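Everything on this sheet refers to the single structure shown next.
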Amino acid sequence: MKKTTIAIIGVGLIGGSIALSMRRDPAIRVVGYDVRQDSLDKALTLGVIHAGTTDLQTAVREANVIFLAAPVEQIFETLRTLSELDLQPDVIVTDVGSTKSEIVRQAVRVVPPHVTFIGGHPMAGSHKSGVEAASDRLLENAYYVLTPDADTPEHLVNRLVDLLSLTRAKVVQMDPNTHDQVVGAVSHFPHVLASALVNLVAGYDDENAWHARLAAGGFRDITRIASSNPRMWRDVLLQNREPILKIAKDWANALEDVMDLVQAGDADRIEQFFQTARDFRDGLPERKAGALPPLYDLYIDIPDHPGEIGRITTLLGARQINIINLQIRETREDIYGALRITFQSQSEMEKGEELLRYFEYNVYKRM
């Protein structure tokens with residue numbers, strides 16, 4: 001039986017995770033392309049791809065499906081380059097960019113008639129980057145949005161959907177403009193808010209260093225996405241400009257409304273403002289993958305004496321439970337301290353919670 005060839009353009013976290021998912025099917029051959037030979041060498045050593053090359057034509061020549069797993073700006077350049085290369089008849093080209101409208105418009109303009117472009121956005125990520133962080137479980141249960149053009153043949157969309165079933169993601173379809181509006185509200189604009197708040201506090205800290213000292217706890221948590229890649233988010237905002245500008249205007253109006261309530265001293269409506277937000281937020285799926293990657297954190301009250309943290313990590317390690325971060329959340333004058341443990345996945349977190357409760361630790365999750 002002739003194998004299906006998948007080309008992964010950009011063998012990093014997302015590209016590598018898609019590649020590992022594709023390798024679940026022995027009838028699929030995965031070829032990786034990257035501008036860096038060391039990335040390809042890592043991917044080959046880790047068994048992420050079957051073959052790798054730094055020559056784009058070699059990577060795509062026999063490909064039946066091509067995944068453009070590169071930053072948004074590089075996707076545009078790669079689309080233009082692909083239009084000049086030898087490709088298989090009826091090849092499907094898809095991308096993993098977090099904006100869709102402009103990418104789809106560009107693809108329609110430049111790809112040859114025998115090439116079908118279907119926009120894609122796997123809504124999953126990790127605090128880590130690079131092919132060494134790739135996992136065949138990264139996209140499992142995450143939403144994977146496809147944004148086919150209205151003229152895209154249905155059988156080709158179904159072909160890509162069937163292929164993506166190997167990722168175990170929840171594949172959904174929507175209009176590119178709808179995608180950009182929704183993701184702009186729940187992912188892109190929150191990055192703007194977090195960064196704007198951090199910059200505001202940084203400015204205050206120039207005058208009073210207590211801002212940084214007291215911001216080290218919860219403030220770091222609520223603004224964690226401000227640590228994202230600046231260049232990537234520059235490109236995302238520029239490519240999703242119109243939805244972001246609309247959301248920003250709506251946000252400014254909403255903020256002005258609540259500040260008017262503060263100015264008027266309207267206690268009842270201020271409380272209702274927070275109640276409405278809490279009701280909607282508490283109704284959101286707690287641990288489902290969405291536009292922003294969830295945190296798999298447990299908080300443990302521990303006696304404040306030597307060896308306790310070591311005991312906990314030993315218990316977890318003995319059961320092969322992976323953790324990715326430890327942090328002392330607070331120190332107090334009484335006998336307890338709060339330890340935060342961040343796990344690699346929800347299943348690891350649940351195993352850790354069960355184990356620690358068995359050993360009578362007081363364990364709780366962030367709500």
Side-chain angles (χ1 to χ4, degrees), residues 9-10 12-15 18 67-80 82 93-111 117-127 129 139 142-150 152 160 164 169-200 222-255 284 288-294:
I9 311 304
L13 172 68
I14 299 298
I18 292 173
F67 285 89
L68 306 183
V72 171
E73 280 302 309
Q74 292 182 26
I75 289 173
F76 291 110
E77 181 180 346
T78 306
L79 280 170
R80 289 189 289 269
L82 285 178
V93 178
T94 186
D95 75 306
V96 302
S98 64
T99 64
K100 292 272 73 75
S101 297
E102 188 57 34
I103 290 176
V104 171
R105 282 195 291 268
Q106 175 81 355
V108 169
R109 287 196 296 266
V110 302
V111 298
F117 180 84
I118 301 174
H121 180 197
M123 300 180 70
S126 169
H127 70 293
S129 60
L139 304 181
Y143 282 109
Y144 198 123
V145 182
L146 295 181
T147 59
D149 183 78
T152 305
L160 181 57
L164 290 174
K170 299 175 182 177
V171 181
V172 298
Q173 298 180 41
M174 64 179 67
D175 174 81
N177 294 327
T178 301
H179 167 277
D180 287 356
Q181 172 62 35
V182 174
V183 176
V186 302
S187 175
H188 301 168
F189 194 66
H191 280 81
V192 176
L193 290 181
S195 297
L197 181 56
V198 169
N199 288 339
L200 178 67
I222 65 173
T223 59
R224 65 183 177 89
I225 55 178
S227 294
S228 300
N229 185 312
R231 184 165 187 170
M232 180 190 80
W233 281 100
R234 176 201 69 182
D235 294 342
V236 166
L237 293 191
L238 291 176
Q239 294 304 324
N240 205 24
R241 186 177 315 186
E242 294 307 317
I244 290 296
L245 290 173
K246 178 185 182 303
I247 294 164
K249 185 177 295 185
D250 293 341
W251 163 259
N253 291 336
L255 183 61
L284 298 174
K288 300 295 184 182
L292 298 176

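Fair warning: this is a prediction, and the values are worked out from it, not measured in the lab. Only this structure's heavy atoms are used, side chains among them; waters, hydrogens and symmetry mates stay out.
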Looking at every non-hydrogen atom in both residues, tell me the closest pair between His179 and Met174 and how far apart they are.
CA-SD, 3.5 Å

Between OG1 on residue Thr223 and NE2 on residue His191, distance to nearest 0.5 Å:
11.5 Å

Using 0.5 Å steps for rounding, measure from the CD1 atom of Ile14 to the CG atom of Leu68.
14.0 Å

Under the rule for side chain to side chain contact (heavy atoms under 4.5 Å, CB included), what residues qualify as partners of Gln173, not counting sequence neighbours?
Leu146, Pro148, Val157, Val161

OG1 on Thr78 to CG on Leu82, rounded to 0.5 Å:
6.5 Å

How long is the straight-line distance from OH of Tyr144 back to NE2 of His121, given to the nearest 0.5 Å?
9.5 Å

Side chains of Val104 and Phe117 in contact at under 4.5 Å (non-hydrogen atoms)
yes

Once salt bridge (charged side-chain N to carboxylate O under 4.0 Å, His left out) is applied, what residue pairs with a partner in residues 228-241 remain, sequence neighbours excluded?
none

With Val110 via side chain to side chain contact (heavy atoms under 4.5 Å, CB included) - residues at least two apart
Leu79, Arg80, Gln106

Hey, can you tell me if His188 and Trp233 have their rings parallel, tilted or perpendicular (30° and 60° cut-offs)?
perpendicular

Please list, one pair per line, the donor and acceptor atoms closer than 3.5 Å that link side chains of residues 94-101 to other protein atoms, with sequence neighbours excluded.
from	atom 1	to	atom 2	distance (Å)
Thr94	OG1	Ile118	O	2.6
Asp95	OD1	Lys100	NZ	3.4
Asp95	OD1	Gly120	N	3.0
Asp95	OD2	Gly97	N	2.9
Asp95	OD2	Lys100	NZ	2.8
Lys100	NZ	Gly97	O	2.7
Lys100	NZ	Gly120	O	2.9
Ser101	OG	Pro176	O	3.3
Ser101	OG	Asn177	N	3.4
Ser101	OG	Asn177	OD1	2.7
Ser101	OG	Asp180	OD2	2.9

List the atom of Val198, the atom of Ala226, and the distance in Å for their closest heavy-atom pair.
CG2-CB, 3.9 Å

Can you check whether Met232 reaches Pro71 side chain to side chain, under 4.5 Å on heavy atoms?
no

With a 3.5 Å cut-off and sequence neighbours excluded, list the donor-acceptor pairs that the side chains of residues 245-255 form with protein atoms.
from	atom 1	to	atom 2	distance (Å)
Lys246	NZ	Asp250	OD2	3.0
Asn253	ND2	Lys249	O	3.3

Output all residues satisfying salt bridge (charged side-chain N to carboxylate O under 4.0 Å, His left out) with Arg105, sequence neighbours left out; order by chain, then residue number.
Glu102

Straight-line distance of Leu164 CG to Phe67 CZ, nearest 0.5 Å
5.0 Å

Approximate separation, where rounding is to 0.5 Å, of Phe76 CZ and Ile103 CD1
5.0 Å

Are any of the side-chain heavy atoms of Met123 and Val183 separated by less than 4.5 Å?
yes

Return the minimal non-hydrogen interatomic distance between Ala185 and Pro190, and the atom names on each side.
O-CD, 3.3 Å

Any idea which heavy atoms bring Ile225 and Ser228 closest together, and the distance?
O-OG, 2.8 Å

Heavy-atom pair with the smallest gap, counting every atom of Ala69 and Gly15
CB-CA, 3.6 Å

